[in-house]
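First the structure, in the form of structure tokens, and then the observations on it.
Here the structure is a predicted model, which is why all the values come from computation and not from measurement.
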Amino acid sequence: MIASTLQLRLMWAMILCCFTPHLAHAQIKLDRVFPPAVAVGAETAVAAEGKFPNWPPNIDCDVNLVSISAGKDSGKLTVKVAEDAAPGVAWIRFHDDQSMTALVPLILSSVGVFSETEPNDKRSEANPIELPIIVAGRLAKGGDSDAYRVSLKAGQTLVVSATANQVLKSPMDAVLQLTDLRGNVLFHSDDARGLDPQIVFTADSDQELLIRIFAFPETPNSTIGYAGSASFIYTLDVTTGPFVDHVAADKEKAIAFGYNLDDSTPTVSNTTESLSPPVATIPDALGWSWVPPVDESVHRVLPGGEFDGTLPALLFGHFLKADETHHYQFKANKGTKYRAEVRSKTNGFLLDSKLTITEAKSGKTLASNDDMSSGGYDAGVDFTATEDGPIDVAVSEMLGEFGPRHFYQLSICELKPECQLSMADDHFVVTQSKPLELSVSVNRKSGFNSKVKIAATDLPDGIQSDAVVSEPKGDTAKTVKLKLTAADNAIGHGRFRIVGTILDANDEPTEETIEATYNLRPSIPLTEFWLTVPPAPAKEASP
């Protein structure tokens, strides 16, 4: 009898699995596109890689000068980029009626894109390339390496700059080598741009050379040898012409730094619909640089410029000689707290900075620091002036190293309490049957002890959410939970924001607000989040 009952239940379970709709649907997933770069003004076939339960998906791209259409076969895309599109990055998201994907980058190139052809591991199999060009490749498996052959004339400066970990989020620590045709290494590079390598080499004679790339895992493990996987994708900017490595910009102009550059002034393209910051480029040059916006109240000083002591300030500089120390002075008020902070390693540059704060009159050292955090390398200090008068802020290099990528930004400001809100993701799904609980991180800095009323705003139709308050102390001081509820008639996709309003001593809202952000990349904070409400599943028929 017991056996018969179990058999009957199993039979009904099999019938329901085969003939009734599932409550759990397969989620769409876009891991990457390959090649990860396309040329401006061209039409390119691109493969989408991931999981696509129903092809074709809906495709969202943040740059309206980029058109993406799905082919008949799953994963096949055609990308058209207008001739007047700026180099940089377009962000792609797929979605269907059940879910959406994370944003995936597609690099827009000012020159043609060459996709590697295998085999190209051996020197004799190196792919020949004509410069300038962007190479798109993949280290597809353990032990993989790729080689490319170039011709140089005496006196030419070759630039090979890899993009993998920083922009594409490839989980790899790449290495670049430049060798002669016999395999002798002429130049070796890793970790020049964050974990991405870069070669700058001047030829002393006409010669044929090989560019070789291989990689190790981003997070070291017990693996011995080169690493590789489907996710190890990269691009190489390869040129003997002008190359823009980075820029510094104030309110009026931008200055480009790089290689083989003349006195050309970079053009800053502010594509308003793009998720990325404005992009600085030079016509006919490879390379580009994001120009993150800075509050208009911040006084910016370009490299070599004079600092008049106006605060808050953002100062740019390079260490181009050994054992340099850069000094900046401002007039401090006794008892006032200030903060000085360097950003270099965080932004993918090479300066291992140290800050020393000294009162100029007495020579008293108020603070000194070389690492804000464990494993960091950027310096930051808080300090209080003990007298009215000039304060000297000294920036130095811990290891005495120098070079064109020993670039930094130094911020100096009066220290004031502040609060930041952040999210761990930028896209979410809520169903009619189950509310969605969002975790909002609250970062209270410099003694910020006010209450903050946090709410989801601009919600799609049919979505409700009650505001919550982050108290200065207790469980909600660092994290709050927002609950989103979908009405029975809610369906589809929409965007929303999360905004905190600072409350006064009487718990009344002030005019000070804070937008929650999600860091798509270190220089790209998103303030808009994506929400999907799937159709309610059909009810299962009773057996």
Side-chain angles (χ1 to χ4, degrees), residues 16-38 44-62 66-79 89-107 115 118 136-142 144 164-165 167-172 217-219 227-235 275 423-434 436 438 486 491-495 518 520-521 526 529-538:
L16 289 172
C17 287
C18 294
F19 296 106
T20 61
H22 294 284
L23 293 177
H25 296 271
Q27 301 290 298
I28 189 170
K29 188 172 185 287
L30 177 63
D31 294 323
R32 67 195 70 86
V33 294
F34 192 88
V38 296
T44 308
V46 172
E49 300 177 0
K51 296 179 181 179
F52 316 114
N54 298 297
W55 187 268
N58 299 302
I59 303 172
D60 188 75
C61 179
D62 72 321
V66 176
S67 171
I68 304 175
S69 57
K72 292 182 179 180
D73 297 332
S74 182
K76 302 299 183 184
L77 302 175
T78 299
V79 179
V89 175
W91 296 95
I92 302 169
R93 193 195 301 272
F94 285 5
H95 57 95
D96 57 20
D97 64 346
Q98 299 294 329
S99 59
M100 82 300 292
T101 71
L103 289 163
V104 167
L106 176 66
I107 295 172
S115 291
E118 293 282 1
R138 184 192 329 247
L139 301 171
K141 59 185 185 301
D144 197 4
N165 184 267
V167 174
L168 299 177
K169 283 296 181 185
S170 299
M172 57 190 270
E218 174 186 14
T219 303
S229 75
S231 61
F232 278 41
I233 60 174
Y234 64 86
T235 66
L275 296 175
M423 302 292 292
D425 212 336
D426 76 317
H427 59 289
F428 308 93
V429 175
V430 60
T431 65
Q432 295 88 347
S433 61
K434 183 178 180 181
L436 171 67
L438 297 177
I491 188 173
H493 298 270
R495 295 176 174 85
Y518 166 74
L520 182 61
R521 295 294 185 272
L526 302 185
F529 307 98
W530 187 296
L531 185 68
T532 298
V533 187

Practice task
Check whether any side-chain heavy atom of F529 sits under 4.5 Å from a side-chain heavy atom of L438, and report yes or no.
Solution key: no

Exercise for the section: Report yes if some heavy atom in the side chain of V167 is under 4.5 Å from a heavy atom in the side chain of T235; otherwise report no. Expected result: no

Handout entry: Listed partners of R93 passing side chain to side chain donor-acceptor pair (under 3.5 Å), at least two apart
Key = D426

Fill in the blank from the handout: D31 meets the side chain to side chain donor-acceptor pair (under 3.5 Å) criterion, sequence neighbours left out, with K29

Problem - Where E49 and A230 come nearest, the two heavy atoms and their spacing - result: OE1-O, 4.4 Å

Completion exercise
Separation between CD1 (I59) and OG (S67), nearest 0.5 Å, reads 9.0 Å

Exercise for the section: For residues K169 and R32, determine if any side-chain heavy atom of one lies less than 4.5 Å from a side-chain heavy atom of the other. Expected result: no

Exercise for the section: Check V33 against L77 and note the closest heavy-atom contact, atom names and distance. Expected result: CG1-CD1, 4.4 Å

Completion exercise
Hits for side-chain contact (heavy atoms from CB on, under 4.5 Å) against S99, two or more places apart or cross-chain, chain-then-number order -> Q27, I28, D96, V429

Practice task
Keeping to residues at least two apart or across chains, list the salt bridge (Lys or Arg N to Asp or Glu O under 4.0 Å) pairs with something in residues 68-77.
Solution key: none

Exercise for the section: Kindly indicate whether the side chain of E118, heavy atoms from C-beta on, has any atom under 4.5 Å from the side chain of D144. Expected result: yes

Completion exercise
What one should report as the nearest heavy-atom pair of Y518 and A424 is CE1-O, 3.4 Å

Handout entry: Test side-chain contact (heavy atoms from CB on, under 4.5 Å) applied to S74 - qualifying residues, sequence neighbours left out
Key = F52, W55

Practice task
Could you tell me whether a side-chain N or O of T78 sits under 3.5 Å from a main-chain N or O of S69, the two making a donor and an acceptor?
Solution key: no

Exercise for the section: Quick one: closest heavy-atom pair of R138 and Y234, and the distance? Expected result: N-CE2, 3.4 Å

Practice task
Mind listing the closest non-hydrogen atom pair of P57 and F94 along with its distance?
Solution key: CG-CD2, 3.5 Å

Handout entry: Within-4.5 Å side-chain heavy-atom neighbours: P171 and T219
Key = no

Handout entry: Test side-chain contact (heavy atoms from CB on, under 4.5 Å) applied to I491 - qualifying residues, sequence neighbours left out
Key = P535

Handout entry: Sub-4.5 Å side-chain heavy-atom contact between Q98 and P53
Key = no

Problem - Side chains of L103 and D62 in contact at under 4.5 Å (non-hydrogen atoms) - result: no

Handout entry: Spatial distance of atom CG (L436) from atom CZ (F428) [nearest 0.5 Å]
Key = 7.0 Å

Exercise for the section: List the steps and the verdict of side-chain contact (heavy atoms from CB on, under 4.5 Å) for V66 and V38. Expected result: CA-CA 10 Å; V66 176; V38 296; over 6 Å; no

Practice task
State which residues pass side-chain contact (heavy atoms from CB on, under 4.5 Å) with S115; sequence neighbours excluded, sorted by chain then number.
Solution key: P35, A136

Practice task
Apply side chain to side chain donor-acceptor pair (under 3.5 Å) to D425 and list each qualifying residue two or more places apart in sequence or on a separate chain.
Solution key: H427

Handout entry: Closest approach of A48 to L30 (non-hydrogen atoms, all atoms of both residues)
Key = CB-CD1, 3.9 Å

Practice task
List for me each residue that meets ring-ring contact (aromatic ring centres under 6.0 Å, His included) alongside W530, sequence neighbours excluded, and say none if there are none.
Solution key: H95, H493

Problem - Residue list, side chain to side chain donor-acceptor pair (under 3.5 Å) with E218, at least two apart or on another chain - result: N165

